[in-house]
**Student:** 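This structure is in structure tokens; I'll ask about it shortly.
Just so we're clear, the structure is a prediction, and the values are computed from it rather than from any experiment. First listed ligand is number 1; within each ligand, the first listed atom is number 1.
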Amino acid sequence: MKVRVLGCSGAIAAGCKTTSFLLDDDLLVDAGTGVGDLTLDELARINHILITHSHLDHIVSIPLLVDSVMNRRTRPIVVHALPETLEALRAHILNWVIWPDFTQLPSRERPVLKMEPLAAGQVLDLDGKRIEVLPAEHTVPAVGYAVEGRTGWWAYTGDTGPNPALWPLLARRRVAMLVIETAFGDDERELAAASKHLSPSTLAQELRSLARDVPVFVTHAKPGGMGAIVTQVHALDSGHRIEHLEAGQVFVI
Ligand SMILES: Nc1ncnc2c1ncn2[C@@H]1O[C@@H]2COP(=O)(O)O[C@H]2[C@H]1O
């Protein structure tokens, strides 16, 4: 399985795109501003979108994407997310005010966009890909995802603060790569706690429950913040190989 990092920043600035991963060529995980770097042909190949939560930096490209590809699609694009996330999309984005409701376009009978609810703990099979929905702890209902590749599972936490329910689940799997958020440096640990994100010190506590041989990639730093986060993470010396994710990277799992 190919994992292409389209965006891995917690907000925008030149060179910083918000969270989105393209798995092989048809599965998008989160739909941040990084999606805008795909060509029209690449956009038209996306069949499924897994969304972690309703925050704008993770959903902003859904309405723009469906408008770009509607005339090229023969089957709907399916957005998979928690019921609360889907309801937020319906109420606040696809409400005919912010954007047309593409679950009814080009026609109610054959829409370009469909929505499928999911729940933490569920295992999905999307066109042959096995996906486990992971729990997350954020300011709005949220999940993470683990997707099975040839060499193990690609696990992505989504946005989350300390998340004790996650670690026993990961311990049961051969995790080939963990993408874990660390949105703020420890100088902003109060903001991290208020907004239910990790900072290097809480990351280190979380990683105590992770096998040392799992490669760890931190994601979701706010623009300008990654340098300090990397320095603080390495000073904590958790015993893991920890790198920071960069847009444009491609991993084969
Ligand atoms: N008190 C707060 N609670 C939640 N988010 C906040 C707060 N203050 C600032 N924010 C920012 O709002 C952002 C919303 O998206 P994030 O959760 O990625 O990160 C959050 C913070 O960067």
Side-chain angles (χ1 to χ4, degrees), residues 5-21 28-37 49-65 79-94 98-99 120 133-145 155-166 178-206 216-233 242 244-247:
V5 183
L6 303 177
C8 54
S9 180
I12 57 163
C16 296
K17 307 279 171 73
T18 71
T19 305
S20 191
F21 303 94
L28 203 60
V29 180
D30 277 337
T33 63
V35 175
D37 282 348
I49 307 177
L50 294 166
I51 293 290
T52 55
H53 65 294
S54 59
H55 277 165
L56 193 62
D57 53 323
H58 296 253
I59 58 106
V60 65
S61 286
I62 297 174
L64 301 168
L65 160 66
V79 172
H80 306 261
L82 289 171
E84 297 91 334
T85 307
L86 297 178
E87 185 47 36
L89 281 171
R90 276 190 204 98
H92 304 299
I93 304 289
L94 302 171
I98 297 296
W99 207 248
V133 185
L134 303 172
E137 288 287 338
H138 199 39
T139 51
V140 291
V143 292
Y145 295 103
Y156 162 52
T157 62
D159 284 16
T160 189
N163 185 10
L166 175 66
L178 173 66
V179 175
I180 185 165
E181 76 119 283
T182 307
F184 296 104
D186 277 329
D187 46 320
E188 292 189 285
R189 71 180 77 200
E190 282 164 19
L191 178 53
S195 57
K196 290 203 170 187
H197 284 288
L198 298 175
S199 67
S201 54
T202 47
L203 173 73
Q205 285 163 23
E206 293 292 282
V216 176
F217 289 77
V218 296
T219 186
H220 208 279
K222 299 291 171 174
M226 189 50 96
I229 290 171
V230 168
T231 305
Q232 291 163 15
V233 163
I242 305 179
H244 69 279
L245 215 55
E246 289 184 52

**Student:** Report the residues that fulfil side chain to side chain donor-acceptor pair (under 3.5 Å) with Asp187, sequence neighbours left out, ordered by chain and then residue number.
**Tutor:** none

**Student:** Ignoring hydrogens and geometry, is there a side-chain-to-backbone donor-acceptor pair from Glu206 to Asn163 under 3.5 Å?
**Tutor:** yes

**Student:** Given Val179, which partner from the list Val29, Leu245, Thr19 fulfils the side chain to side chain contact (heavy atoms under 4.5 Å, CB included) test?
**Tutor:** Leu245

**Student:** Give me the atom names and distance for the closest heavy-atom approach of Thr18 to Gly32.
**Tutor:** OG1-CA, 3.1 Å

**Student:** Parallel, tilted or perpendicular: which one describes the rings of His58 and His53, with boundaries at 30° and 60°?
**Tutor:** tilted

**Student:** Just to verify, which of His220, His55, Lys196 counts as forming a side-chain hydrogen bond (donor to acceptor under 3.5 Å, both in side chains) with Asp159?
**Tutor:** His220

**Student:** For a distance cut-off of 3.5 Å, show me each N or O of ligand 1 paired with any protein N or O, plus the separation.
**Tutor:**
{"residue": "ligand 1", "atom": "17 (O)", "partner": "His138", "partner atom": "NE2", "Å": "3.3"}
{"residue": "ligand 1", "atom": "17 (O)", "partner": "His197", "partner atom": "NE2", "Å": "2.7"}
{"residue": "ligand 1", "atom": "18 (O)", "partner": "His197", "partner atom": "NE2", "Å": "3.3"}
{"residue": "ligand 1", "atom": "18 (O)", "partner": "Lys222", "partner atom": "NZ", "Å": "3.1"}
{"residue": "ligand 1", "atom": "19 (O)", "partner": "His197", "partner atom": "NE2", "Å": "3.3"}
{"residue": "ligand 1", "atom": "19 (O)", "partner": "Lys222", "partner atom": "NZ", "Å": "2.9"}
{"residue": "ligand 1", "atom": "22 (O)", "partner": "Lys222", "partner atom": "NZ", "Å": "3.1"}

